[in-house]
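Side chains included, hydrogens not; waters and symmetry mates left out as well; all remaining heavy atoms used. One-based numbering, in listed order, for ligands and for the atoms of each.
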Amino acid sequence: MRKEEFSRVSVVGLGYIGLPTAAVMASRGIEIIGIDVNPMIVETINDGRIHIVEPGLDDLVHQVVRSGKLKAYIVPQKADVFLIAVPTPMRADHSPDLTYVEKAVRTIAPVLEKGNLVVLESTSPVGSTEQLAGWLQDMRPDLTFPQMTGDNADVNIAYCPERVLPGAVIRELVQNDRIIGGMTARCAERSRALYKSFVEGECIVSDSRTAEMTKLTENAFRDVNIAFANELSLICDRIGINVWELISLANRHPRVNILKPGPGVGGHCIAVDPWFIVSSAPEEAKLILQSRQVNDGKPRWVVDKVMDAIVRASAAKGDISVACLGLTFKANVDDLRESPALDIVAKLAGKISAPLLIVEPFVDALPKALAGYDNVMLSTLPDAIAKADVLVLLVDHDQFKPLTLADLAGKELVDTRGMVTARDGFGVGTHVFGSVAAKPVQDLKNEV
Ligand code: SAJ
């Protein structure tokens, strides 16, 4: 496969995955046509700027737009390859919604030509790549597709799931291994050649259904393991053990590696993808379903703990203020999608009339879910620490890490991430302390 066959690649969907992928490929000298339905996004990118926060992406996009290798459009353009990276959300009943994939297919169908390669990157339920091929067949009866003529098809189709970690996308795009699921051997080989033009990790070939399930499995694995940690945190709270100490000790075993409890699981991936497995095999996916329920139940549990802390603080001090540190779904990103922290703050806002100060270095304004509450306001970290009687640590942003127990003396503390509870070794019980006796943890070097 010669490199010049992919001299022009169209990336459909310029979001958290599409834009970094487009920019990295463009930086390798490939002409990239970015397509997005949002005129604001197209304009921002063509200006050399970005609409999301991702370390290193700003500079890269600026550079490739200036060199002319990346240009964004609203209308589709002809290309050698079409790479689809659009959202695949979940419906209210937890079933997958492929509407955006279908729209992307509708967008590219008119400009598709013999010799093209179409690659789906969006996280999708098993069978979606074949579904995409079926839609293309209906829309372009003049062309042949892999399900019709196998390796002799006019258009090749493959599935290659993204697997980059938000916050480390640029590095992981290049370094991670990729799984490439071709509808036929030729589809897989052509896609492999495409990815090898910018991926330093291995590109491993499989069929499209296995590749789809691989992606879902990776995120379900993480969800199940986080659920184990979250369940432990509930158990430890019940029986008066510091879960952070417990995990750090258990992880000293050479074959144990427990993840971190937290306020719940957020983001558009891990909180969603396991449901795609559950909806494909509801009878069999029992552990995966249970893990989703454990993780989804955690925000409610944290809210109950905060309410208990509020009751204690009010009894001791009368009028009190509450501060919540962090709204995003995890540390050092600006992403609020499926954020348990935001969910917890919104639930608290609906329950209390005391001032609720929010510290979130990655947002400039309160999100919609918190608008309309007079007692909820954005605050700075020093201001929140000075005023709060109840402090809720929800996201372990780097900006919050220097906080010590001494800074928080005299406050009720709900530390959902073990930010100070794990490091400073304080507290019987998992999340709530201040009212319980201190129990030093001697050795937390083996961080969880
Ligand atoms: N979390 C915990 N405890 C942990 C680890 C994570 O509570 O020990 C929480 C986080 O705070 C967050 C959620 O889980 O709310 C997910 O965060 P994450 O960092 O584990 O994962 P994501 O959603 O940012 O990215 C995941 C990654 N998948 C895996 O690690 C298997 C990434 O590689 C995928 O590309 C991404 O999903 C995706 O797009 O599917």
Would you say [X] has any N or O atom under 3.5 Å from an N or O of ligand 1, going by distance alone?
| X | answer |
| --- | --- |
| E218 | no |
| C269 | no |
| R417 | yes |
| E162 | yes |
| F329 | yes |
| G262 | no |

Heavy atom to atom 24 (O) of ligand 1, shortest distance: which of E338, E172, K330 holds it?
K330

Winner among D335, N219, I17 once heavy atoms are compared against atom 28 (N) of ligand 1
N219

We want to know whether [X] and [Y] form a side-chain donor-acceptor pair, criterion being a heavy-atom distance below 3.5 angstrom.
| X | Y | result |
| --- | --- | --- |
| T129 | E212 | yes |
| N116 | N156 | no |
| T210 | D207 | yes |

Does ligand 1 have a heavy atom under 4.0 Å from the side chain of K260, from its backbone, from both, or from neither?
both

Region of K215 that comes within reach of ligand 1 [heavy atoms, distance under 4.0 Å]:
side chain

Which residue and atom name correspond to the protein heavy atom nearest [atom], and how close is it?
| atom | value |
| --- | --- |
| atom 9 (C) of ligand 1 | I226 CD1, 4.1 Å |
| atom 25 (O) of ligand 1 | P166 CD, 3.6 Å |
| atom 33 (O) of ligand 1 | R163 O, 2.9 Å |
| atom 21 (O) of ligand 1 | I270 CD1, 3.5 Å |
| atom 20 (O) of ligand 1 | R222 NE, 2.5 Å |
| atom 32 (C) of ligand 1 | V164 O, 3.4 Å |

Would you call [X] and [Y] a salt bridge, using N to O less than 4.0 angstrom?
| X | Y | value |
| --- | --- | --- |
| R292 | D223 | yes |
| R163 | E121 | no |
| R312 | D308 | no |
| E130 | R209 | yes |
| R222 | E218 | no |
| K411 | D389 | no |
| D335 | R337 | yes |

Ignoring hydrogens, what is the shortest heavy-atom contact between I179 and P161? Give both atom names and the distance.
O-CD, 3.2 Å

Assess G267 for proximity to ligand 1: is some non-hydrogen atom of it under 4.0 Å away?
no

